[in-house]
Q: 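I'd like to ask some things about the structure below.
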Amino acid sequence: MEENNLTRRGFLGGAAVASAVAAFGLAGCAPSVASSNSKEGAETKQPGSSEVADWLGEAPVIDESKVVENVDCEVLVIGAGTAGWFAAASAAENGAKVLLIEKGGSGNNVRSSALGAVGTKLQKEQGIEIDKQAILNDFARYAQSHVDLHLFRNWLENSGEAIDWYTDLLTANGMEVQLEWATPPDTFYLHWPIAHGTNGLDYGEREGQAAGIIEEYIKSFDGCDVRFSCPMVCLITDESNKVVGAYASPDDDQYVRINASKGVVVATGGYAQNKEMYGALQPERLSALGSFDAFPSCTGDGIKALLWAGAQMEETHTSMTWNRCIVRNDTEVGNPYETMADYGYFFMGSQPFLYVKHDGTRFMNESAPFDFAPAAASKFPKGQRFWHEIWDADWKADVDRFHTYGCATLTYREGADHDAYPGMLDDWIGPEMEEFVEAGLIQKADTLEELAEKLEITDVDAFLATCERYNELYDKGMDEDYGKESYRLSQLRTPPFYGAKNCGITLCTLDGVRVNDDLHPFDAEGNVIEGVYVVGNDQGGFYSYMYPNTLVGVNAGRSATMGRMVGKALAAM
């Protein structure tokens, strides 16, 4: 999702590639390879703490006698996710000798549901022109400006070119990229038509298919390769603390030394699957979670390696958290690593039905972005950091009327999310709902009072009063209490009635290492660490507090965009 402009000015406006390389800080001689790692990173403190972070640990000391292979390349990309695939592909097609390494047995694929972009061919075909200043300020408002808006502008000005490239590549290989352009009308939380999703195979297959296409594309260039089951251990720095490569360990007691003459790209996907790291940095968010939907390989490896090399972690810690996790009545919310195998991923959780606290009272506009509910729940009393979603037998008509957007879309319409198809409520959502009832993850009752008892709501009278008030608001066609759009109100009058114990599910972490406009990390004194670039969910400064899903696909889009930008710039050195 970016244009082909690579300079700092090019990121933000429209400069040429040649001047971009110089401004991007990529001109100069190939680095010399040092024999030792920086020890400064071992002193890195956890933000807000005077103690060394337990989750960080000591920088590993590599026994050179156990190095069984030396590999020379020009560009090393660490992590085969969306950002890494785009970085490696752009570097390869622009003439660099690229090695992409991934610790898993396969890559983490390219996000299928949406890659957010502005200025693409598909948008132009629909006559869509995004007001760049409006979308920038909408984004800044969600973050309360605790972000580096230069990074957002990097995405904004360059995403169109990146996704056009991706669209062309996939089209040439038998896959289709579609734009979701039918945004819901008159929403308080404005939705933007920027989502570009892949179509073709079943959802679970096409993400891998898209990654496979990019993998073969990378390997089609001479001197370029992809290695799986090759986890990075740490970065290699020279005497000036410039990053010149990395150590990897395909086997437990052996190492590969990879020397990168042009630069290293870190794109390992954040730290959602690192229990100690997540618990230390995001305890409040953790307290309202039921599970994680992050890739297993996202354990903070890239961020830790950068910190060992002296980089700074940003102080504001953020996750992408959805409202789709349902758990049993006796499941304690806030232990997601322990309860990961026993929950339901329920797409209905993102529908704006009635939400109530455990005492039966309503607490929010249910049409808000996905992570508003788990964020609110994190402020509830300990042991009650969840909510109940309530709906009745007329739910199919309600869902169609709600006109939800992005991956929350459950009914087909022209220009809707590419995963929607006619009959999906009958074929998928309805049967799945009844399976969850049988499994004890959804409660079903003939009366609202019985439903309250099955959900173990603490104040049945308050719950019944809440439902009566909600029916009253539906009849009025106006949400006088929380301001939800009138067409997203529903009534609770037709049995059977349904309810679930809902909580958050985190897809990925969004905080990371602080970077400058050129995507270099800073050291503790604010100096640039040369030779290394940070993209994707290892990169800090793009988000604070939440993920605004109303900008559908902006995270996968910024990962793809900045990966492509860095790859092109490195190749041009």
Q: Is the shortest side-chain heavy-atom distance between D164 and E161 below 4.5 Å?
A: no
Q: Mind checking what makes side chain to side chain donor-acceptor pair (under 3.5 Å) contact with S291, not counting sequence neighbours?
A: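 Testing S291 for side chain to side chain donor-acceptor pair (under 3.5 Å), a comparison that skips the adjacent residues, returns none.
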Q: Without swapping roles, check the side chain of E530 against the backbone of K242 for a donor-acceptor pair under 3.5 Å.
A: no
Q: Give the ring-plane orientation class for F346 versus F436, where under 30° counts as parallel, over 60° as perpendicular and anything between as tilted.
A: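 Judged by the thresholds at 30° and 60°, the geometry between F346 and F436 is perpendicular.
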Q: With no hydrogens and no angle check, is any side-chain donor or acceptor of Q351 less than 3.5 Å from a backbone partner on M348?
A: no
Q: Rounded to the nearest 0.5 Å, how far does NE2 of H520 lie from CZ of F522?
A: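 It is 10.5 Å, given to the nearest 0.5 Å.
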Q: Okay, side chain of Q123, backbone of A117: is any donor-acceptor separation there less than 3.5 Å?
A: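 Yes, the answer is positive, given that a donor and an acceptor are paired below the 3.5 Å cut-off.
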Q: Given V513, which of D538, V532, L306, V266 fulfils the side-chain contact (heavy atoms from CB on, under 4.5 Å) condition?
A: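 Result: among D538, V532, L306, V266, L306 is the only option passing the side-chain contact (heavy atoms from CB on, under 4.5 Å) with V513.
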Q: Looking only at side-chain N and O atoms, does N502 offer a donor or acceptor that is under 3.5 Å from a partner on Y355?
A: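 Distance-only check fails for Y355 and N502.
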Q: Is a donor from one side chain sitting under 3.5 angstrom from an acceptor on the other, for T187 and Y405?
A: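 Absent: no donor and acceptor within the cut-off.
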Q: Apply side-chain contact (heavy atoms from CB on, under 4.5 Å) to C407 and list each qualifying residue two or more places apart in sequence or on a separate chain.
A: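 W322, R324, F370.
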Q: Closer than 3.5 angstrom, by distance alone: can the side chain of N241 be matched with the main-chain N or O of I529 as a donor-acceptor pair?
A: no
Q: Measure the OG-CD distance between S113 and E207 for me, rounded to the nearest 0.5 Å.
A: 6.5 Å
Q: Scan Q282, M546, R285 and name whichever one has a side-chain contact (heavy atoms from CB on, under 4.5 Å) with T321.
A: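 Single side-chain contact (heavy atoms from CB on, under 4.5 Å) partner of T321 among Q282, M546, R285: R285.
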Q: Spell out, as yes or no, whether a donor-acceptor pair under 3.5 Å connects the side chain of K103 to the backbone of D301.
A: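 Flag not set: sc K103 to bb D301 has no pair under 3.5 Å.
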Q: Might you work through the salt bridge (Lys or Arg N to Asp or Glu O under 4.0 Å) test for E366 and R488, ending with a clear yes or no?
A: CA-CA 9 Å; E366 299 88 352; R488 287 183 169 170; over 6 Å; no
Q: Using side-chain heavy atoms (C-beta onward) and a distance below 4.5 Å, is L519 in contact with N154?
A: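 Result yes, sub-4.5 Å side-chain heavy-atom pair found.
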Q: Find the distance between OG (S378) and CG (L286) and round it off to the nearest 0.5 Å.
A: 11.0 Å
Q: F139 pairs by ring-ring contact (aromatic ring centres under 6.0 Å, His included) with which of W192, Y547, F542, W155?
A: F542
Q: Hey, do the aromatic rings of F372 and Y189 have their centres closer than 6.0 Å?
A: yes
Q: Taking the six-membered ring for Trp, is the centroid-to-centroid distance between F292 and Y343 below 6.0 Å?
A: no
Q: Measure up the F347 and Y345 rings against each other and bin them: parallel (under 30°), tilted (30 to 60°), perpendicular (over 60°).
A: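 Because their plane-to-plane angle is over 60°, the rings of F347 and Y345 count as perpendicular.
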Q: More than 12 heavy atoms of other residues, nucleotides or ligands under 6.0 Å from CD of E332: yes or no?
A: no
Q: I'd like to know if the side chain of N137 and the backbone of Q133 have a donor-acceptor N/O pair within less than 3.5 Å.
A: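 A pair under 3.5 Å: yes.
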Q: Taking the six-membered ring for Trp, are F380 and F386 ring centroids under 6.0 Å apart?
A: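 Not under 6.0 Å, so no.
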Q: More than 12 foreign heavy atoms under 6.0 Å from CZ of F188: is that the case here?
A: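 Open.
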Q: Tell me whether E215 contacts the main-chain N or O of A80 through its side chain, where contact means a donor paired with an acceptor under 3.5 Å.
A: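 Side chain of E215 to backbone of A80: no pair is present.
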Q: Would you find a donor on one side and an acceptor on the other, under 3.5 Å apart, between the side chain of E180 and the backbone of G406?
A: yes
Q: Between F353 and F402 (judged by ring centroids, cut-off 6.0 Å), do the two rings come close enough to count as a pair?
A: yes
Q: What are the two closest heavy atoms between R328 and K501, and how far apart are they?
A: O-CD, 3.5 Å
Q: Supply the atom-to-atom distance T120 OG1 to H196 NE2, rounded to the nearest 0.5 angstrom.
A: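 Taking OG1 in T120 and NE2 in H196, the distance rounds to 3.0 Å.
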Q: Have a look at Y543 and tell me which of T509, T318, N555, N537 forms a side chain to side chain donor-acceptor pair (under 3.5 Å) with it.
A: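 By the side chain to side chain donor-acceptor pair (under 3.5 Å) criterion, Y543 pairs with just one of T509, T318, N555, N537: N555.
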Q: Can you tell me if E276 uses its side chain to pair, donor with acceptor, with the backbone of D54 under 3.5 Å?
A: no
Q: Quick check for you: to the nearest 0.5 Å, what is the distance between N335 atom CG and K275 atom NZ?
A: 7.5 Å
Q: Using 0.5 Å steps for rounding, measure from the CG atom of N109 to the CZ atom of F295.
A: 5.5 Å
Q: Classify the ring geometry between Y166 and F86 as parallel (under 30°), tilted (30 to 60°) or perpendicular (over 60°).
A: tilted
Q: Quick check against the 3.5 Å criterion: does H317 have a side-chain atom that pairs as donor or acceptor with the backbone of A280?
A: no
